[in-house]
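What follows is one structure encoded as structure tokens, with my remarks underneath.
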There are 2 protein chains.
Amino acid sequence: MKKNNKLSVQFRVWFFVNGEKLLGKGRVELLERIQDTGSITNAAKCMNMSYRQAWQMVSEMNKYSERPLVEKQLGGKNGGGAILTEAGRNAIVIFKKLDAKIATFISEEIKKINL
Amino acid sequence: MKKNNKLSVQFRVWFFVNGEKLLGKGRVELLERIQDTGSITNAAKCMNMSYRQAWQMVSEMNKYSERPLVEKQLGGKNGGGAILTEAGRNAIVIFKKLDAKIATFISEEIKKINL
DNA sequence: TTGCGGTATGTTTAATAAAGCATAGTGATG
DNA sequence: CATCACTATGCTTTATTAAACATACCGCAA
């Protein structure tokens, strides 16, 4: 491994609570889409994900987070919907900040690697 | 998400060459086991992995690395075997160093997070 | 020259994960 | 009080992935 010109480094981070996955890149994106669209259904659609999976993700996030990240409304004018809680909005920020910091850190580190 | 006491952060890193996965935690461990045991077969066994998968991993690593990481020997006294090349030994060191640095970095960063 | 223990690889089977389908529930609103 | 759009959830089907099996090859050594 010497002068491997097109080498790149990728990474992934996850938050766990009691060993249970709380957040990852995908879930954070889902939260953002929910924030944008106001419903799990629409969020799932624009992520090209099945509603079922999106719903399950939200369910797990709410289950394992100290405070729910998503608040869901049944029925009503537009059949209901879903919005982020304060904790949910916060989670996005915290996750993305850490993710960005790690990305920066790694890109600095790989400069030092002489392959 | 406030005072989520048992929160932990996990991460994974991968090396890619031209978009093809070269190394990850699992492959590095496989390299180490090959180094320990002298063969893909035995390395796979102690990782509780099928020989086929281990062989394929080695095959991909050698394919995408500038220089092969594993040198294989057919036939011979003990039926042959596999040993790491200089590049292979080097890859382990580089990967694990970066991995450790990231771990340290993250553990420092999460101290700053007030959940 | 046969046996041994490894590499090499195609094929088949099993396990796991994701998607898809179906259907019930909910509640403001016209 | 029927409708609408969304949540909620079981069940079925499909797709993806990994394991298992089968076999050929390889080369030293007894």
Side-chain angles (χ1 to χ4, degrees), chain A residues 12 14 16 19-65 67-85 87-88, chain B residues 12 14 19-21 23-65 67-85 87-88:
Chain A
R12 279 267 187 161
W14 297 274
F16 286 79
E20 299 285 351
K21 185 163 80 170
L22 177 63
L23 276 185
K25 191 184 173 73
R27 290 184 178 190
V28 168
E29 192 186 335
L30 179 61
L31 290 180
E32 290 181 306
R33 298 291 150 269
I34 290 171
Q35 191 168 39
D36 293 347
T37 64
S39 78
I40 297 175
T41 296
N42 287 327
K45 268 177 197 157
C46 62
M47 285 183 72
N48 214 31
M49 174 189 290
S50 68
Y51 168 79
R52 189 184 175 72
Q53 182 172 53
W55 178 88
Q56 280 172 335
M57 281 182 174
V58 169
S59 174
E60 291 219 325
M61 284 191 262
N62 281 347
K63 183 174 172 188
Y64 297 123
S65 176
R67 290 156 52 191
L69 306 184
V70 177
E71 206 162 72
K72 289 169 283 183
Q73 196 187 350
L74 283 188
K77 185 161 88 172
N78 296 314
I83 60 170
L84 296 198
T85 62
Chain B
R12 279 268 188 162
W14 297 273
E20 300 284 352
K21 186 163 80 171
L23 277 185
K25 192 183 171 72
R27 290 184 178 189
V28 167
E29 192 185 335
L30 179 61
L31 290 179
E32 289 182 307
R33 296 292 152 269
I34 290 171
Q35 190 168 39
D36 293 346
T37 64
S39 78
I40 296 176
T41 296
N42 287 327
K45 266 176 198 158
C46 59
M47 285 183 72
N48 214 31
M49 174 190 293
S50 68
Y51 168 78
R52 189 183 176 72
Q53 182 172 56
W55 179 87
Q56 280 171 336
M57 282 181 173
V58 169
S59 175
E60 292 220 325
M61 285 191 263
N62 280 348
K63 182 175 173 189
Y64 296 122
S65 176
R67 291 156 51 191
L69 305 185
V70 176
E71 207 163 71
K72 290 169 282 185
Q73 195 187 349
L74 283 188
K77 184 162 87 170
N78 296 315
I83 59 170
L84 295 199
T85 63

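Hydrogens, waters and symmetry mates are skipped; everything else that's a heavy atom, side chains included, is used. Note on naming: letters A, B, ... go to the chains in the order of the sequence lines (proteins, then strands), and numbering restarts at 1 for each one.
In plain terms, the two heavy atoms of A:Cys46 and A:Thr37 that are nearest each other are SG-CG2, 4.3 Å.
Considering only residues two or more places apart in sequence or on other chains, B:Glu60 meets the side chain to side chain donor-acceptor pair (under 3.5 Å) condition with B:Arg27.
One interatomic measurement links the two molecules: CD of B:Glu71 to P of C:dA8, which rounds to 12 Å at whole-angstrom precision. The separation between A:Ile83 atom CD1 and D:dA5 atom P is 21 Å, rounded to whole Å. Regarding B:Leu74, its CG atom lies at a distance of 8 Å from the C1' atom of C:dG6, rounded to whole Å. Atom NZ in A:Lys72 sits roughly 12 Å away from atom C1' in D:dT9 (whole-Å rounding). Between A:Met57 atom CE and D:dA8 atom C1' the separation is 17 Å, expressed in whole Å. Residue B:Asn62 contributes atom CG, which lies 13 Å from atom P of C:dT7 at whole-angstrom precision.
Near DNA chain C, defined here as any heavy-atom distance below 4.0 Å, the residues from residues 36-56 of chain A are A:Arg52, A:Gln53, listed numerically.
The side chain to side chain contact (heavy atoms under 4.5 Å, CB included) test with A:Ile34 singles out one residue from A:Leu69, A:Leu84, A:Ile83, and that residue is A:Leu84. Each of A:Thr41, A:Asn42, A:Asp36 was checked for a side chain to side chain donor-acceptor pair (under 3.5 Å) with A:Ser39, and the lone residue meeting it is A:Asn42.
Among the protein residues, A:Gly75 comes within range of the nucleic acid bases, having at least one heavy atom under 4.0 Å from a base atom. Among the heavy atoms of the strands lying under 4.0 Å from A:Gly79 is at least one base atom, whether or not backbone atoms are also near. Counting any heavy atom pair closer than 4.0 Å across all strands shown, A:Gly76 reaches a base atom.
Taking a 6.0 Å sphere around CD of A:Glu71, one finds it holds 12 or fewer heavy atoms contributed by other residues, nucleotides or ligands.
A:Lys77 has no side-chain polar atom (N or O) that falls below the 4.0 Å cut-off from OP1 or OP2 of D:dA5.
Formation of a donor-acceptor pair under 3.5 Å by the A:Ser65 side chain with backbone atoms of A:Pro68 is not found in this model.
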